[in-house]
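Structure record follows, encoded as structure tokens.
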Protein chains: 2
Amino acid sequence: MTKEEKIIHTSIRLFNENGFHGTATSKIAKEAGVANGTLFQYFPTKENLILASFISIKEEMKQHLLNNLSDTSNTKQLMKAHIVLSLTWAVDNPTKFAFLQQFHSSPYLYKLDSARLAEYNKPHLRIIQQAIDEKLIKPLSVDLIYALISSHTYGLYQFISLQKHTKKEQAESIEKGFELLWKMLN
Amino acid sequence: MTKEEKIIHTSIRLFNENGFHGTATSKIAKEAGVANGTLFQYFPTKENLILASFISIKEEMKQHLLNNLSDTSNTKQLMKAHIVLSLTWAVDNPTKFAFLQQFHSSPYLYKLDSARLAEYNKPHLRIIQQAIDEKLIKPLSVDLIYALISSHTYGLYQFISLQKHTKKEQAESIEKGFELLWKMLN
DNA sequence: TATGTGATTGACTAATCAGTCATAAAAGTA
DNA sequence: TACTTTTATGACTGATTAGTCAATCACATA
């Protein structure tokens with residue numbers, strides 16, 4: 001782990017525990033095991049560090065999807081894989097997932113280039129359009145479907161993480177959750 | 001508007017604009033038109049003010065539901081009314097709704113008594129149980145259904161507030177959104 | 001009018017924090 | 001080894017902030 005990675009890693013954890021402004025840069029540096037000034041060598045401002053933490057998580061999620069998405073021609077299976085992979089990643093990385101939530105409902109969201117943000121959604125939007133074209137799901141607005149799928153996935157995550165489930169029960173809830181979603185959309 | 005109300009009102013707006021720690025108590029006092037010390041007479045600490053702002057919004061929503069929920073014996077209509085009223089309130093009070101989101105994904109959430117928080121959900125859980133008992137919806141876990149309804153409602157809000165919709169189009173989206181939800185659950 | 005009471009004020013303070021910078025250590029190069 | 005460049009350090013600073021408190025005000029009652 002490089003110093004830069006150690007800083008990002010520690011940031012995510014501390015920002016989650018104490019909020020953005022509630023976490024001092026000096027504390028991040030200390031817990032990451034680097035000097036105060038070193039942090040500012042990699043991230044010139046605190047805001048920069050917050051945005052970099054967010055981007056880092058988004059990139060990690062993106063890679064996780066790319067690495068685990070087997071190329072199936074079946075659109076329904078592909079959509080299901082997107083959702084299941086997102087959910088299992090969230091369950092395995094609760095701190096990072098919570099960071100995303102906190103970031104999304106913070107003023108920092110608007111400091112990011114919206115085009116760059118939109119880039120992360122494109123694969124999801126593309127597959128929704130594909131499902132509509134193949135008449136697998138209702139011909140509603142792609143944006144509406146995306147909003148509903150995202151929030152459904154989030155709601156399912158909330159439920160799963162609140163229950164003290166075994167891995168197997170978690171998988172069953174995810175399966176059931178997808179069935180419900182699919183029933184709603186087709 | 002009493003000074004206490006003015007402080008809460010200003011807090012909600014500023015906390016939303018600049019985050020919790022990004023908003024100085026002195027700024028809140030100034031914009032609320034009261035002296036610095038007055039704020040601390042009503043709210044002994046900043047955390048106290050943040051929690052009070054949250055509770056104030058929850059109480060307002062609760063009252064909004066109580067005042068507008070016509071007593072129908074039809075469980076489906078009652079459930080629909082819950083969702084539609086929550087959504088129209090959110091659309092009419094975007095700042096307050098955003099505050100709730102920010103609060104929910106912040107460390108302050110855990111400073112509140114969880115029993116008190118649960119109290120606000122009870123009416124919703126009761127009606128879900130009722131719908132299950134009447135075999136209107138699938139016999140899934142009440143907590144799961146609550147999580148799915150909440151997130152569905154939130155997703156629908158996200159979609160509506162992003163579109164530049166007229167009031168009529170908003171109402172149509174809400175109607176459509178409920179139909180989709182109902183299809184999923186029954 | 002005089003007196004008592006609670007609300008209101010804002011200057012003040014001790015503490016904290018983001019960011020700087022002169023110096024030093026480490027790594028690279030010849 | 002001798003020299004250069006890059007990376008890392010941590011003490012320091014100017015600015016900001018939550019919370020205090022002695023003084024003042026508004027208003028009631030007699």
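Lettering follows sequence order; numbering is per chain, from 1. Quick note: numbers below take in every heavy atom, side chains included, and nothing from hydrogens, waters or symmetry partners.
- Taking the charged nitrogens against the carboxylate oxygens, B/Glu169 and B/Lys176 have no contact shorter than 4.0 Å, which rules out a salt bridge.
- Between A/Thr25 and C/dA18 there is a side-chain N or O to OP1 or OP2 distance below 4.0 Å.
- As a whole-Å value, the separation of B/Leu14 CG from D/dT17 C1' is 15 Å.
- Between the NE2 atom in B/His165 and the CD1 atom in B/Ile174 there is a gap of 10.5 Å [rounded to 0.5 Å].
- A salt bridge is defined here as a Lys NZ or Arg NE, NH1 or NH2 lying under 4.0 Å from an Asp or Glu carboxylate O, and B/Glu179 with A/Lys138 fails to meet this definition.
- For A/Lys6 and D/dA8, the shortest distance from a side-chain N or O to OP1 or OP2 is not below 4.0 Å.
- For the segment residues 33-50 of chain B, the set of residues with a heavy atom within less than 4.0 Å of an atom of DNA chain C comprises B/Val34, B/Ala35, B/Asn36, B/Gly37, B/Thr38, B/Gln41, B/Tyr42, in numerical order.
- Atom C1' of nucleotide C/dA7 and atom CD1 of B/Ile7 are separated by 12 Å, given to the nearest angstrom.
- Between A/Ile28 atom CD1 and C/dG19 atom P the separation is 11 Å, expressed in whole Å.
- Just one of A/Ile50, A/Leu49, A/Leu51 meets the side chain to side chain contact (heavy atoms under 4.5 Å, CB included) condition when paired with A/Ser53; it is A/Leu49.
- Between B/Lys62 and B/Glu59 the shortest side-chain heavy-atom distance falls below 4.5 Å.
- A sub-4.0 Å separation between OP1 or OP2 of C/dA18 and a side-chain N or O of A/Lys27 is absent.
- Nucleic acid contact for A/Thr2: none, since no nucleic acid atom lies under 4.0 Å from a heavy atom of the residue.
- Remark: C1' of D/dT16 and NZ of B/Lys30 are 14 Å apart, rounded to the nearest angstrom.
- Hydrophobic clustering places A/Phe15 together with B/Tyr110 (ILVMFWY residues linked when any side-chain heavy atoms are closer than 4.5 Å, directly or through intermediates).
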